[in-house]
Amino acid sequence: MSVAERVALAKDHLLKSVEVKGEKTGVLEMRRHFSCYFKGLDNFKETRMKLVTLYDVDELLRTLDYVQENWG
C-alpha cells in the first residue's frame, strides 16, 4: 500500500472516529493507530511524535498532508 493510500485511510479513520466518538475521545483513540499506519518510513520519528501528541483534528489533518507531501 502506498503512502498516499495510507494517508487517505488514516484520514478516513480519524474522521469516522471523531464522528462516532466525539472529537476528544476520537482523537485520543486514534493516536495509537497512527504509528501502525506509517510503520517503516525513514526519518519519521519527529512526525510520528507529532501525530501521537496532537489534540486538534485540523492540525492532525495538516500533519497527514505533510506526510503525503514528504513521504508520498
In Å and rounded to the nearest 0.5 Å, what is the CG to OH distance from Leu51 to Tyr66? 11.0 Å

Flag yes if Leu9 and Leu60 sit in one hydrophobic cluster, no otherwise; membership is Ile, Leu, Val, Met, Phe, Trp, Tyr, and two members link when side-chain heavy atoms are under 4.5 Å apart. yes

The reported gap from CG in Leu54 to OG1 in Thr63 (rounded to nearest 0.5 angstrom) is 5.0 Å

Using the rule that Ile, Leu, Val, Met, Phe, Trp and Tyr join whenever any side-chain heavy atoms are under 4.5 Å apart, tell me whether Val3 and Met1 fall into a single cluster. yes

Tell me every residue that passes side-chain contact (heavy atoms from CB on, under 4.5 Å) with Ala4, counting only those two or more places apart in sequence or in another chain. Ser2, Gln68

Any donor-acceptor N/O pair, Trp71 side chain to Asp42 backbone, under 3.5 Å: yes

As an exercise, state the distance from CD of Glu23 to CG of Asp56, rounded to the nearest 0.5 Å. 6.0 Å

State which residues pass side chain to side chain donor-acceptor pair (under 3.5 Å) with Lys16; sequence neighbours excluded, sorted by chain then number. none

Derivation and outcome, side chain to side chain contact (heavy atoms under 4.5 Å, CB included), residues Leu15 and Leu61: CA-CA 9 Å; Leu15 295 174; Leu61 292 171; 4.2 Å; yes

How would you list, by chain and number, every residue that makes a salt bridge (Lys or Arg N to Asp or Glu O under 4.0 Å) with Glu29, sequence neighbours excluded? Lys21

Just jot down the side chain to side chain donor-acceptor pair (under 3.5 Å) partners of His13, sequence neighbours excluded, or say none. Tyr37

Do Phe34 and Tyr55 share a hydrophobic cluster, counting only Ile, Leu, Val, Met, Phe, Trp and Tyr and linking them when any side-chain heavy atoms are less than 4.5 Å apart? no

Spatial distance of atom CG (Leu64) from atom CD (Glu69) [nearest 0.5 Å]: 11.0 Å

Pairwise distance CD(Glu19) to CG(Leu14) - rounded to 0.5 angstrom: 11.5 Å

Using side-chain contact (heavy atoms from CB on, under 4.5 Å) as the criterion, list what pairs up with Arg48, not counting sequence neighbours. Ser35, Phe44, Lys45

Taking atom CG of Asn43 as the centre, does the number of heavy atoms from other residues, nucleotides or ligands within less than 6.0 Å exceed 12? no

Going through the distances and angles, do Leu28 and Arg31 end up as a side chain to side chain contact (heavy atoms under 4.5 Å, CB included)? CA-CA 6 Å; Leu28 290 175; Arg31 286 179 173 183; 3.8 Å; yes

Tell me every residue that passes salt bridge (Lys or Arg N to Asp or Glu O under 4.0 Å) with Asp65, counting only those two or more places apart in sequence or in another chain. Lys11

